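Notes for the one structure printed next.
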Amino acid sequence: MIEDLQKYYGYLFEEALLEEIADVAIAKEFKANEVIIDIGSYITSIPLLLNGAIKILREDKEGDDLVLYYIEKGDTCAMTLSCCMGQTKSKIKAIAETDVKLLMIPKQKMSEWLSKYKSWQEFILHSYHSRLQEFIDAIDTIAFLNMDQRLLKYLKDKALVNQNETISVTHQQIANDLHTSRVVVSRLLKALEKKDKIELNRNQIKVLEL
DNA sequence: ACATTAAGTGATT
DNA sequence: AATCACTTAATGT
């Protein structure tokens with residue numbers, strides 16, 4: 001575990017902090033598509049991603065999902081941070097996009113380190129900043145972009161977090177993530193294929209422009 | 001060969 | 001952009 005820490009966070013944190021993390025953190029692993037955090041659950045520790053990617057979704061009362069953004073290695077979850085501080089229930093759902101390895105930090109430690117380690121404080125602030133930025137992007141995408149642009153962005157994001165230009169999904173799954181219908185997805189994908197942006201196969205989409 | 005699941009398409013709202 | 005109804009294609013048993 002300490003090796004992984006060195007590898008992904010060694011350049012960010014000083015030795016003493018790395019040791020403390022190694023001391024209190026609980027290593028966890030999730031398989032792709034496992035639910036990591038569900039809506040309404042209380043958060044008592046915050047995650048540090050070691051590898052893999054997590055998708056963050058919002059869910060309506062009918063159980064329909066909408067993908068907001070992805071978290072990758074070296075990231076933490078700002079939503080979780082704010083939940084920890086405010087003692088509130090999670091407003092979002094987190095699902096493992098790929099197989100994921102992460103460390104859970106008890107929240108007491110997380111606030112203790114804020115005053116103890118400059119690097120930790122910077123990490124948390126920076127994380128807040130970039131998450132907020134992504135949040136604005138996500139709103140822009142949903143509010144101002146046409147569905148076809150949204151779809152293309154979704155495909156690109158997915159290809160990026162999976163580190164593979166070929167992604168394995170059905171049109172139905174995409175429709176669920178974007179909160180639209182399968183027929184619409186099929187049509188837009190067809191259109192994108194005609195523009196040579198992607199290649200289509202059953203259960204597979206290859207993104208040509210990354 | 002048959003059933004099931006994924007994808008494509010025209011028409012309608 | 002959503003929904004319906006239907007077709008076609010790919011895949012599993």
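What you are looking at is a predicted structure, and each value in this text was computed from that prediction instead of being measured. Residue numbers start from 1 in every chain, and the chains themselves are labelled A, B, ... in the order their sequence lines are given, proteins ahead of strands.
- Between A:Lys31 and A:Glu34 there is no salt bridge, since no side-chain nitrogen of the basic residue lies less than 4.0 Å from a carboxylate oxygen of the acidic one.
- Taking both residues in full, the closest heavy atoms of A:Leu49 and A:Val100 are given as CD2-CG1, 3.6 Å, listed atom of the first, atom of the second, then distance.
- The side-chain contact (heavy atoms from CB on, under 4.5 Å) test with A:Ile54 singles out one residue from A:Ile37, A:Leu102, A:Asp75, and that residue is A:Leu102.
- Put simply, chain A comes within 4.0 Å of DNA chain C, heavy atom to any atom, from C:dA1 to C:dT11, going 5' to 3'.
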Next item on the list: Could you run through nucleotides 4-13 of chain B and give me one letter per nucleotide, 5' to 3': B if any protein heavy atom sits under 4.0 Å from the base, S if only the sugar-phosphate is that close, - if neither?
Entry: -BSBBBBB--
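- Atoms CD and OH, on A:Glu134 and A:Tyr69 in that order, are 7.5 Å from each other to the nearest 0.5 Å.
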Next item on the list: Just do the ring pair (Phe, Tyr, Trp, His ring centres under 6.0 Å) check on A:Phe123 and A:Phe13 with the steps written out, would you?
Entry: CA-CA 9 Å; A:Phe123 171 69; A:Phe13 303 145; 5.2 Å; yes
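- Salt bridge status for A:Glu14 with A:Lys118: absent, with no side-chain N to carboxylate O gap under 4.0 Å.
- Under the side chain to side chain donor-acceptor pair (under 3.5 Å) criterion, A:Trp120 pairs with no residue at all, not counting sequence neighbours.
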